[in-house]
Amino acid sequence: MADTPPLFKTITIVGPGLIGSSILRRARQTGTLAQKLIAADCQEAVLHRVTALNIADETTTDLIAAAAQSDLVILCIPTGAIRAVAATILPHMKPGSILSDVASVRSNIGPEIHALLPEGVSYVPAHPMAGTEYSGPDAGFATLFEDRWTLLIPPPGTAPEAIALMEAFWHRCGARTRQMTDQYHDQVCAIVSHLPHLLAFTICNTADRLSADLQTDVLEYAASGFRDFTRIAASDPIMWRDIFLTNKDVLLATFKRFEEDAHRMVKAIQEDDSEAIMQNLQRGRHIRRGLMPEPQN
């Protein structure tokens, strides 16, 4: 790929955490994403770490100045902050440039940002379905997106060439891509990501509220099932608070379906219905065996 010219002249990553620093690392490794890499963040300590890791050509707390010189700006920040940051930088982005973000909730964000677009600026949000429970500049790695899905959610009427550029961008990050609508995206993510995180955080809280002696032993002797299931509860609480609140309606509807299924399983156990229990267990086992085994969020 060394002879492949970069897709963009200048890219700014706002929020060089797990996702953002992984993009920067991939860009550094391949040289095919951008000629110049800017990392922007409101925390000087984060930028100092980016400089120490040498994963950007420039670091800054001035989001407007960074956006004004960039051909692509990707917001890798908590969902609750995306609207405000987009509204701040969009008036200063140049014609022909692209704004993107990596938020895992789309329905309430996409239309609002699309309405703020200045003439000639495209908005092509994406959601890379990859991650770990770790955060910050040190958590990233260049192969995070390798053979993972990145879902593109461009608003209706988005310039086809901007969509094609972002598809090429994520392909060069190693990802597979698929386009979908805001609402369908949020329904998919509610079941494959948001609900599992809700359950993982909750079962940790349940364990913490046990009697003192039992709690100590539960945490001391936590078996692989508990550790594996609750791994994602080590994720960033601010990020997940924003996701739960932003995708509230879809998440609650998904939880209701899960609750109904759980009650059916409990009823089968109460009634010693061995056949119903086995059917549920075999179905769950079959579905799980069809999933990729790597530990990603």
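Only this structure's heavy atoms are used, side chains among them; waters, hydrogens and symmetry mates stay out.
The number of heavy-atom neighbours closer than 6.0 Å to CD1 of Ile238, taken from other residues, nucleotides and ligands shown, is 12 or below. Within 6.0 Å of CD in Gln29 there are more than 12 heavy atoms belonging to other residues, nucleotides or ligands.
Closest approach of Pro137 and Leu53 over heavy atoms only: O-CD1, 3.7 Å. The minimum heavy-atom distance linking Thr254 with Ala190 is given by the pair OG1-CB, 3.5 Å. Scanning both residues, Ala276 and Ala268, for their nearest heavy atoms gives CB-CB, 3.9 Å.
The pair Lys256-Glu260 counts as a salt bridge, with a side-chain nitrogen and a carboxylate oxygen less than 4.0 angstrom apart.
One distance of note links CG of Asn247 with CG of Leu195; it measures 11.0 Å at 0.5 Å rounding. Summarising the geometry, atom CD belonging to Gln179 is positioned 12.5 Å from atom OG1 belonging to Thr150; distances are rounded to the nearest 0.5 Å.
Remark: of the listed residues Met166, Glu167, Arg172, Met166 is the sole one forming a side-chain contact (heavy atoms from CB on, under 4.5 Å) with Trp170. Under the side chain to side chain donor-acceptor pair (under 3.5 Å) test applied with Lys267, the options His263, Glu271, Gln270 reduce to a single match, Glu271. A side chain to side chain donor-acceptor pair (under 3.5 Å) with Asp71 holds for exactly one of Lys94, Lys36, Gln35; it is Lys94. When each of Asp41, Val50, Ile38 is paired with Thr59, the side-chain contact (heavy atoms from CB on, under 4.5 Å) condition holds for Val50 and for no other. Each of Thr12, Val121, Leu63, Ile11 was checked for a side-chain contact (heavy atoms from CB on, under 4.5 Å) with Val73, and the lone residue meeting it is Thr12.
When side chains are defined from C-beta on, Phe169 counts as touching Ile74, because their heavy atoms get closer than 4.5 Å. Side-chain contact check for Ser21 versus Cys76: every heavy-atom pair is 4.5 Å or farther apart. Contact of the Leu75 side chain with the Leu99 side chain is registered, since non-hydrogen atoms from C-beta on lie closer than 4.5 Å.
Note: the hydrophobic cluster containing Leu151 also contains Tyr184 (ILVMFWY, side chain heavy atoms under 4.5 Å, direct or indirect links). Linking ILVMFWY side-chain heavy atoms closer than 4.5 Å, directly or via other members, places Leu37 and Val102 in a single hydrophobic cluster. Ile89 and Ile82 fall within the same hydrophobic cluster, where Ile, Leu, Val, Met, Phe, Trp and Tyr residues are linked whenever their side-chain heavy atoms come under 4.5 Å apart, directly or through other members. Phe244 and Val105 fall within a single hydrophobic cluster, where Ile, Leu, Val, Met, Phe, Trp and Tyr side chains are chained together by heavy-atom contacts under 4.5 Å. In the hydrophobic clustering of this structure, Ile191 does not group with Val250; members are Ile, Leu, Val, Met, Phe, Trp, Tyr whose side-chain heavy atoms approach within less than 4.5 Å, directly or through other members.
Using modelled atom types and a 3.5 Å distance limit, the side chains of Arg26 and Ser22 yield no donor-acceptor pair.
His197 contributes a side-chain N or O that, together with a main-chain N or O of Ser193, makes up a donor-acceptor pair within less than 3.5 Å. Looking only at distances, no side-chain donor or acceptor of Arg106 sits under 3.5 Å from a matching main-chain atom of His185. Between the side chain of His194 and the backbone N or O of Ser104, at least one donor-acceptor pair lies under 3.5 Å. Looking only at distances, a side-chain donor or acceptor of Ser100 sits under 3.5 Å from a matching main-chain atom of Val124. The backbone N or O of Asp147 lies less than 3.5 Å from a partner atom in the side chain of Arg176, making a donor-acceptor pair. At least one donor-acceptor pair under 3.5 Å links the side chain of Ser70 to the backbone N or O of Ala66. Of the possible polar contacts, one joining the Arg28 side chain to the Ala56 backbone as a donor-acceptor pair under 3.5 Å is found.
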